[in-house]
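The next block holds one structure in the form of structure tokens; read it before the comments.
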There are 2 protein chains.
Amino acid sequence: MRIGELAARAGTTTRTLRYYEARGLLPARRSGNGYRSYDEADLRLLRQIRTLQDFGFDLEETRPFVECLRAGHPEGDSCPASLAVYRRKLDELDALIGELAAVRAKVGEQLARAESARERLAAEAEVPGGPEPECELGGAGL
Amino acid sequence: MRIGELAARAGTTTRTLRYYEARGLLPARRSGNGYRSYDEADLRLLRQIRTLQDFGFDLEETRPFVECLRAGHPEGDSCPASLAVYRRKLDELDALIGELAAVRAKVGEQLARAESARERLAAEAEVPGGPEPECELGGAGL
DNA sequence: CTAATCCTTGACCCCGACGTCAAGGAAAGA
DNA sequence: TCTTTCCTTGACGTCGGGGTCAAGGATTAG
């Protein structure tokens, strides 16, 4: 099949396939007229790449999977190098999720602090003579 | 103070300050010789920007905070626009963390599946007639 | 035969937040 | 005065994963 059909069957674009080829990830045979020619095996390689890309893997990270398939293995993750990429990705994800959770907590704190400060100011503005706090929540302005 | 000193005091570079100025985020006065001139208030603005950047805010998202400070408020998040940015960021973070957690789960599944498949193959290779595992410590090469 | 698709390569564009280099002016210390 | 350091503007590079032309050749439908 030609590039347009492969792209369509994988739900991507011809530009993307040429890009993968330029990166050495998905080389193509050529038919007599110079057109790129692909087969079902290429479609499997491409689907492997796309799946990993959808997971957020870098293109380079998909390379071991592609090479594993090309080596004749039934799955892209049948090789140790692919498993290593999986593990590295899990570590990266854990680290990233942890960082984001920490940031989330800090931003949440900042929001709560800023909101309570605004409420205090609003209350003071409403009763200029003095809030006269019945409980211990009344704070003097910074 | 001049640009080099401000950059040093904020732990950033002169290039960054010129970039912020080009974006209209941190305009600078000029002294007679054409040098940029900053004061302590600029340092506070800059620190506000840097703090938010460290949190992963886009530069544009820091603008309400900077404008809030320039409007004379004691904190960059004393204004409603800043609080809105906080809230939007929390939503974004929650969405992102959720997506990453989902990907993490899927990758974990894939890894477990691939690993168990390899173990099966290894066991079959070791005892071609039938796995019959008496003890799991026997390791074949590769 | 001709028009409409498809294919080829090459080359520039995009985003964000700067890094880096170049050419030249200003200031400060010895 | 000389040298070093700081400042100025301008312009291009980076990174990833392609998007979007442009100019021209091949193929196919009518």
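Note that the coordinates shown come from a computational prediction; the quantities given were computed from them, not determined experimentally.
Here A:R36 lies in heavy-atom contact (under 4.0 Å) with sugar-phosphate atoms only. B:R30 comes within contact range of the sugar-phosphate backbone alone, with a heavy-atom separation under 4.0 Å but no base atom that close.
Residue B:T16 places at least one side-chain N or O under 4.0 Å from the OP1 or OP2 atom of C:dG19. At the phosphate of C:dG16, neither OP1 nor OP2 sits under 4.0 Å from any side-chain N or O atom of B:R15. Between A:Q53 and the phosphate of D:dG18, there is a side-chain N or O to OP1/OP2 separation shorter than 4.0 Å. When the side-chain nitrogen and oxygen atoms of B:Y20 are compared with OP1 and OP2 of C:dC18, one or more of them lie within a distance under 4.0 Å. For B:R23, no side-chain nitrogen or oxygen approaches OP1 or OP2 of C:dA17 to under 4.0 Å. At C:dG19, one or more side-chain N or O atoms of B:T13 fall inside 4.0 Å of OP1 or OP2 (strictly under the cut-off).
Which of D:dA26, D:dG17, D:dC7 sits closest to the side chain of A:L59 comes down to D:dG17. Of the candidates D:dG16, C:dC7, C:dG16, D:dG16 carries the atom nearest the A:Y19 side chain, counting heavy atoms from C-beta on. Looking at the side chain of A:T14, the nearest of the listed nucleotides D:dT8, C:dC7, C:dA17 is C:dC7.
Atom CG in A:L6 sits roughly 15 Å away from atom C1' in C:dC6 (whole-Å rounding). We find that CZ of A:R2 is positioned 18 Å from P of D:dG25, with the value rounded to whole Å. Remark: C1' of D:dG16 and CD1 of A:I49 are 15 Å apart, rounded to the nearest angstrom. When the P atom of C:dA17 is taken as reference, atom CD of B:E21 falls 17 Å away, rounded to whole Å. Distance CD (B:E60) to P (C:dC18): 13 Å, rounded to an integer number of Å. With rounding to whole Å, B:Y38 atom OH is found 16 Å from D:dC6 atom P. Atom C1' of nucleotide C:dG25 and atom CD1 of B:I3 are separated by 16 Å, given to the nearest angstrom. Note: CZ (B:R18) to C1' (D:dT9) measures 9 Å, nearest angstrom.
Here CZ of B:R47 is found 9.5 Å from CZ of B:R44. Values are rounded to the nearest 0.5 Å.
Residue-to-nucleotide contacts include a donor-acceptor pair under 3.5 Å from the side chain of B:Y35 to the base of C:dG25.
Put simply, the side chain of B:D91 never gets that close to the backbone of B:R88: no donor and acceptor are under 3.5 Å apart. Looking at B:D58, its side chain never comes within 3.5 Å of a backbone N or O of B:E60 through a donor-acceptor pair. Between the B:T14 side chain and the B:I3 main chain, no donor and acceptor come within less than 3.5 Å of each other.
A salt bridge does not link A:E75 to B:R113: none of the charged side-chain nitrogens sits closer than 4.0 Å to a carboxylate oxygen.
The residue among A:N33 and A:L17 whose nearest nucleotide of DNA chain D lies closer to the 5′ end is A:L17.
Taking the side chain as every heavy atom from C-beta outward, B:I49 and B:L59 approach each other to under 4.5 Å.
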